[in-house]
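Working notes, beginning with the structure itself.
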Amino acid sequence: MIQSAKDYFEKINKRRSLREFSDRPVDKEVIANVIKAASCAPSGANKQPWMFCAVSDPEVKKKIRIAAEKEEYEGYHGRMSEEWLEDLKPFGTDWNKPFLEKAPWLIVVFKQVYEIDEFGVRHNNYYVNESVGLASGFLLNAIHEAGLVALTHTPSPMNFLAKELSRPANERPFLLIPVGYPEEEATVPNITRKSLEEISQWY
Ligand code: IYR
């Protein structure tokens, strides 16, 4: 048991967010299965308050890129604080988001803040952010396990995603996750993880 826990840590410790994607295609069946893995996450009252929109259509990806870059441009030119921009410097990010067109798939995760049943009656969902956050974590794990890379992208504000993908009123965009292979010469920032001592207290 100790060995499997160690092995799993070694494996997941290799997961990194990536911004430079190759345009090499990824089979739809892989994407379908990573979404199924995400759906195994626990959720408040098992309501499963998530929707995963998988986009490979170049036209739709282009529209998403244009709308995202418009918002991001505003973000990097005034909306984000000086401190925020400073914190992001090591990652070299800016308003340009070419990966939104280049990555073969974009998985747009929506949270369902309530549900409408077949009779038009509204029902509550519970712990929606926690549930959809967990499912997104499962999704990133499954993507890594499949041998692919992803970026947890949060264009801000991201209401445009609901419009571009014609989502119903009970759904709000949660994360935009490009998925694919890394570009040949892709690099990642030189980051470290906090130590066990820094992140845990034992009682
Ligand atoms: N949404 C912007 C800014 C950004 C914010 C955080 I916090 C990051 O960890 C990375 C980027 C962008 O995607 O560039």
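In listed order, ligands and their atoms are each counted from 1.
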Looking only at heavy atoms, is any part of [X] under 4.0 Å from ligand 1, and if so is it the side chain, the backbone, or both, or is it neither?
X	result
Trp95	neither
Phe91	neither
Asp87	neither

Inset, instruction - Without swapping roles, check the side chain of Asn125 against the backbone of Gln112 for a donor-acceptor pair under 3.5 Å. - result: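 At least one qualifying donor-acceptor pair exists.
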Inset, instruction - Would you confirm whether His77, through its side chain, and Tyr73, through its main-chain N or O, come within 3.5 Å as a donor-acceptor pair? - result: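 Between the backbone of Tyr73 and the side chain of His77 there is a qualifying donor-acceptor contact (under 3.5 Å).
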Legend entry - N or O contact, Tyr76 vs ligand 1, cut-off under 3.5 Å: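 Yes; the residue has a nitrogen or oxygen that sits under 3.5 Å from a nitrogen or oxygen of the ligand.
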Inset, instruction - Say whether Trp84, considering both its backbone and side-chain N or O atoms, lies within less than 3.5 Å of an N or O atom on ligand 1. - result: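 Among all N and O atoms of Trp84, none is under 3.5 Å from an N or O of ligand 1.
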Legend entry - Closest candidate by heavy atom, reference atom 12 (C) of ligand 1, pool Glu71, Glu72, Glu69: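 Considering heavy atoms of Glu71, Glu72, Glu69, the nearest to atom 12 (C) of ligand 1 sits in Glu72.
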Inset, instruction - Check each of Leu151, Leu85, Leu88 against atom 10 (C) of ligand 1 and report the one with the nearest heavy atom. - result: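 Nearest heavy atom to atom 10 (C) of ligand 1 lies in Leu88.
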Inset, instruction - Enumerate the atoms of ligand 1 whose separation from the nearest heavy atom of Lys97 is less than 4.0 angstrom. - result: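 With Lys97 as reference, the close atoms of ligand 1 come out as 12 (C), 13 (O), 14 (O).
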Inset, instruction - Can you sort out which atoms of ligand 1 are near Thr154, meaning under 4.0 Å from one of its heavy atoms? - result: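 That gives atoms 1 (N) of ligand 1.
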Scan the side chains in residues 175-190 for donor-acceptor partners under 3.5 Å anywhere in the protein, sequence neighbours excluded, and list what turns up.
from	atom 1	to	atom 2	distance (Å)
Glu183	OE2	Lys102	NZ	2.2

Identify every side-chain donor-acceptor pair in residues 31-40 under 3.5 Å, counting partners at least two apart or on other chains, and give the distances.
from	atom 1	to	atom 2	distance (Å)
Asn33	ND2	Glu29	O	2.8
Ser39	OG	Lys36	O	2.7

Legend entry - Glu10 with Lys6: basic N within carboxylate O range, under 4.0 Å: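 No salt bridge links Glu10 with Lys6.
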Legend entry - Shared hydrophobic cluster for Ile143 and Leu100 (ILVMFWY, side-chain gaps under 4.5 Å):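 Ile143 does not cluster with Leu100.
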Legend entry - Distance under 6.0 Å and angle within 45° of ring axis: Arg122 vs Tyr114: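 Yes, cation above the ring, under 6.0 Å and within 45°.
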